[in-house]
Amino acid sequence: MTRVSSGSVLILGAASDMGRAIARRYAEAGRALILAARAPGRMEADAADLRLRWNADVRTVAFDALDTAGHPAFLDGLGALPDTVVCVVGLLGDQGESQRDFAAARLVLDSNLTGPASILGEVANRMEARGSGTIIGVSSVAGERGRASNYVYGAAKAGLTAFLSGLRNRLSKAGVSVITVKPGFVRTRMTEGMALPGLLTADPDEVARAVLAAQAKGRDVIYVRPVWRLIMFIIRLLPETVFKRTKL
Amino acid sequence: MKLSGWGRFPRVETRLVTARGQGDAVRTVAGGGPLIARGNGRAYGDPAIGPRTTLSLLGMDRMLGFDPATGVLTCEAGVLLKDILDVFVPRGWFPPVTPGTKMVTVGGMIAADVHGKNHHAAGCFGDHVQSLDLLLADGRVVACGPDRDPELFAATRGGMGLTGVILRASFRLIPVETGYVRQEILRAGDLDTIMGMFEDSAGWTYSVAWIDCLAKGARMGRSLLFRGEHARVEELPGPARSRPLDVAVRRARTVPIDFPAITLNRLSVGAFNELYWRLGTPREELIDYDRFFYPLDSLLEWNRIYGRLGFMQYQCVLPAATSARGLRQLLTAIGAAGNASFLAVLKLFGRQEGVLSFPMEGYTLALDFPADAAAFGLLLDLDAIVAEHGGRLYLAKDARMGAALLRRGYPGVAGFRALRAARGLTSVFRSVQSERLGL
């Protein structure tokens, strides 16, 4: 089923590579944009770029995912509630550091789960009251199963995936869609310097195109690249006695 | 990771870092060199590979401002020419100078000081740059241009990234009425004829020739001349006149595999050349800008046709006075060696100023060869002919020239090295090419 998408798009975490790519594709599609980032002044060049390329209606606003107490006021400050809210906020952190120092682990958990849960929960309440809207949360395949190399990040993403699933369940009769985006490897600042396998790694624009396509087609959960759906299916099937011995 | 240029030769191990904003670039430079900036990797050899670090500017791809009154576009160095065309041709603007591919960055076009089919009238891309922001070795970002630190600007245009990291630039686009080009194709049966045709085409904005580099004897230098002008609205057929800037750009096909090395050889190239010659019936036609300016871009990754060995582009220019004699010697050497090259281009350049800018008033010949042992020998022979006739090679295409030929061809080298030393750039900005050439 194809849905006609229109109305403004709020991108939380707009300064990230994925956020920028998503903004470009939405601008190309003619949607009005609100770019939310910690330092909105640094987004001015991106805003100028979007206006120049597509004559886009763009504004930039300050947003801190970790400042959960300020999230209701943040939404109040936007004026009208956007039609679509995309959450690209995330932090990979360093697994070793997260193991040694809980403060580092807490930052990873807050950036990937607590913060998004706070803002998206607030958005969900308002969209439910309005009876329309789309929430798009960028989670990760890392949340499918905790593994030694990045389980703090994985745990947060697992939590986010469950949270989005719950929202989808809650809001399905309220006229609000919730889409979960699960990228595998993506070539971004967050993964800079990592040796990523070519065939499995998407670039940010690929994720952006997938996000727009998912909204247009009314999808619930998508993987980027789609091969990750198969990979995760297999990983989920591994018995724990086997999985605990792997070095993934 | 291993990086290479478009010829896929050489492939060199380097640490690739991506700048998504000025801060990233400043931090990388502060972290110490040697490093070199990299655009979209369309230079053929090794100018955009750093001996230790390579700084990709592809993440700095924002367009910052455009003034429709003057046509001046300001953008970050990682913006692709393709994107400029997609955004601005529909608005009636075109780049003042364009190379043979649109898959290049603004920074790359300035660093190589690219030329196009209109060089005889419009010079190089750097001639149309008003100013640029350059990140120096000490972390300062300075603006330079033809009237602002002109010495630094003159060294930066064509300077192959060796004066610093170009972050942003402002340059003037030219107004066009349509997205089409009125192209005329002429046949020249030999070298003298094509050279005469170029002289006669001085009044045309764009002119370039495909030359059959395997033709011998009386047919040596037989060519097809392509000359063109931006089409005016009244030159378009009726239905197109209402949407003159609306050009449907072809979807590109890609070459998905590496062809075996045997694919391009004397027989196959000879056959291609004969076919191409026959298809060049003299005529005038209206074609879209993409087909006129970027015929190769429609086949993405066409460099794979050369196989995994890779290939080398050889582009030289000879001064006008020695061109006829020099070209004849070059074509004789190429024909005798039998090394295949089906993409052979000939053009008459106009005058050019610049420290390391490639063009000079005279004829330029560009061809490719597989990167095999025989080709290396042939290229050394060609180097000798070029040197003897007072010519030089294009750094954006070079993968194997020696320092002696560089010095002989570019009188500005000594001054360029002195400027690098004086501004403290030498130890920080280096590329595999600059180390090979002693720049």
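What's counted below: heavy atoms across the whole structure, side chains too, no hydrogens, waters or symmetry copies. Just so we're on the same page: letters track the sequence lines, and every chain starts at 1.
The SG atom of B:Cys144 sits 8.0 Å away from the CD1 atom of B:Ile166 when rounded to the nearest 0.5 Å.
Heavy atoms closer than 4.5 Å to chain B are found nowhere in A:Arg42, neither backbone nor side chain. B:Asp24 touches chain A through its side chain: at least one heavy atom from C-beta onward sits under 4.5 Å away, while N, CA, C and O do not. Using a 4.5 Å cut-off between heavy atoms, B:Leu16 contacts chain A through its backbone alone, with no side-chain atom that close.
Ranked by heavy-atom pairs under 4.5 Å with chain A, the first of B:Arg15, B:Met63, B:Arg62, B:Met1 is B:Arg62. The greatest number of non-hydrogen atom pairs below 4.5 Å with chain B, out of A:Ala47, A:Pro204, A:Ala48, A:Gly193, is found for A:Ala48.
With salt bridges taken as basic N to acidic carboxylate O contacts below 4.0 Å, one links B:Arg168 and B:Asp133. Look at A:Arg24 and A:Asp49 and you find a salt bridge, because one of the NZ, NE, NH1 or NH2 atoms lies within 4.0 Å of a carboxylate O, short of that distance. Checked for salt-bridge contact, A:Glu192 and A:Arg187 miss the test: no charged N lies under 4.0 Å from a carboxylate O.
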Inset, instruction - Report the C-alpha separation of A:Leu50 and A:Leu33 in whole Å, then their side-chain angles, then the decisive distance to 0.1 Å, and conclude whether the side-chain contact (heavy atoms from CB on, under 4.5 Å) test is met. - result: CA-CA 9 Å; A:Leu50 294 165; A:Leu33 291 168; 3.9 Å; yes

